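Note that ligands are numbered from 1 as they come in the structure, with each ligand's atoms numbered from 1 the same way. Remember, predicted model here, so these are calculated numbers, not experimental data.
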Amino acid sequence: MTLPVAVLVSGSGSNLQAIIDRIEDGVLAARITAVVSNKAEAYALARAQNHGLATALLPHAAFPDRSAYDAALLAAVRDSGAEAVVLAGFMRLLGADFVAAYRDRILNIHPALLPGFPGLAAQGQAAGYGVTIAGATVHFVDEKMDNGPIVIQAAVPALPDDDAQSLGGRIMTLEHRIYPQAIHWLATGRLSIHGRKTRLAPADMPKADMADAMPCLVSPALEAGF
Ligand code: GRF
């Protein structure tokens, strides 16, 4: 069984690439039905095409208002046959109708340890604030920005000389591991939401070998292959 997912993107698509790679490895039990971008210049579209994936360009500026855009986006996602939606650097807030249509079936990744540093340029916010631990969060999406129940977080050291770029790079390395893992958990029916909390059903999986990684904290623990 593989979960059909639509991936929404706006930018470089490195998280999309990590998802594609884990699917092609046979580790992540999902298949991508469509990659939809609101930006024509998003390199994510080229990455998708390189792997033979269906793509759609839906520039938000071409629509009169947010609800018209959301309706078109929802139609594109639904028509692709997706049963879940993965936001991978998609720089738009989803409207209530979209969220309702895929409630508890939409994931987002944010480059900070939520609820700290929501919104734009989170890596620069964290570096500028002077935190000593930073990280990334995969969470379910609701109507509010960077708000839904958390699925997995990964923490990395933040150093005094870090700027947005250096800290962001360290965070990104773990984004590429935790996002495919979270999608796999969703795809295999192991996530359940209880208020603000997400529970992960156990599985008989060996834990990932983190010996090659930088010092980091990942909770819940990664599993083999991720
Ligand atoms: C990532 O930092 C992600 O956490 C944030 O947007 C960025 C997307 O990068 N939501 P990419 O397009 O996946 O390379």
Side-chain angles (χ1 to χ4, degrees), residues 5-24 28 30 32 34-51 53 55-60 73 84-94 98-99 106-129 131 133-142 144-156 158 162-184 186 214 216 218 222 226:
V5 299
V7 184
L8 308 190
V9 297
S10 301
S12 94
S14 69
N15 279 287
L16 168 69
Q17 188 68 56
I19 294 162
I20 292 171
D21 291 346
R22 294 295 82 73
I23 290 174
E24 292 186 352
L28 167 50
I32 296 174
V35 174
V36 184
S37 176
N38 65 325
K39 298 232 169 113
E41 67 275 18
Y43 183 61
L45 289 170
R47 293 185 193 266
Q49 284 152 8
N50 288 342
H51 291 265
L53 299 172
T55 58
L57 175 61
L58 277 183
H60 55 271
L73 191 62
V85 180
V86 169
L87 309 186
F90 185 64
M91 302 302 283
R92 302 261 314 165
L93 202 57
L94 294 176
F98 193 113
V99 173
I106 311 173
L107 292 177
N108 181 47
I109 188 159
H110 182 72
L113 293 173
L114 290 172
F117 309 118
L120 293 175
Q123 307 95 326
Q125 291 184 53
Y129 192 93
V131 297
I133 297 175
T137 303
V138 178
H139 63 93
F140 284 102
V141 171
D142 62 14
K144 296 184 194 151
M145 188 177 59
D146 301 329
N147 183 72
I150 290 169
V151 177
I152 184 170
Q153 295 186 296
V156 300
D162 271 330
D163 57 15
Q165 205 176 357
S166 61
L167 182 58
R170 206 173 299 124
I171 293 169
M172 190 64 102
T173 303
L174 283 169
E175 289 190 43
H176 295 164
R177 298 186 71 168
I178 66 174
Y179 211 6
Q181 172 75 88
I183 298 163
H184 181 69
L186 179 71
M214 69 184 98
C216 68
V218 180
L222 293 170
F226 290 93

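- The number of heavy-atom neighbours closer than 6.0 Å to CD1 of I133, taken from other residues, nucleotides and ligands shown, is 12 or below.
- Taking the six-membered ring for Trp and thresholds of 30 and 60 degrees, F226 and H184 have ring planes inclined between 30 and 60 degrees apart.
- In this structure, L87 CG and H139 NE2 are separated by 8.0 Å, a value rounded to the nearest 0.5 Å.
- A 6.0 Å sphere centred on CD of Q49 holds more than 12 heavy atoms belonging to other residues, nucleotides or ligands.
- Considering only residues two or more places apart in sequence or on other chains, E24 meets the side-chain contact (heavy atoms from CB on, under 4.5 Å) condition with I20, H51.
- Nearest heavy-atom pair, P111 versus A122, reported as atom, atom and distance to 0.1 Å: O-CB, 3.8 Å.
- Using a heavy-atom distance under 4.0 Å as the criterion, the protein contacts of ligand 1 are G11, S12, G13, S14, N15, G89, I109, H110, P111, Q123, M172, E175.
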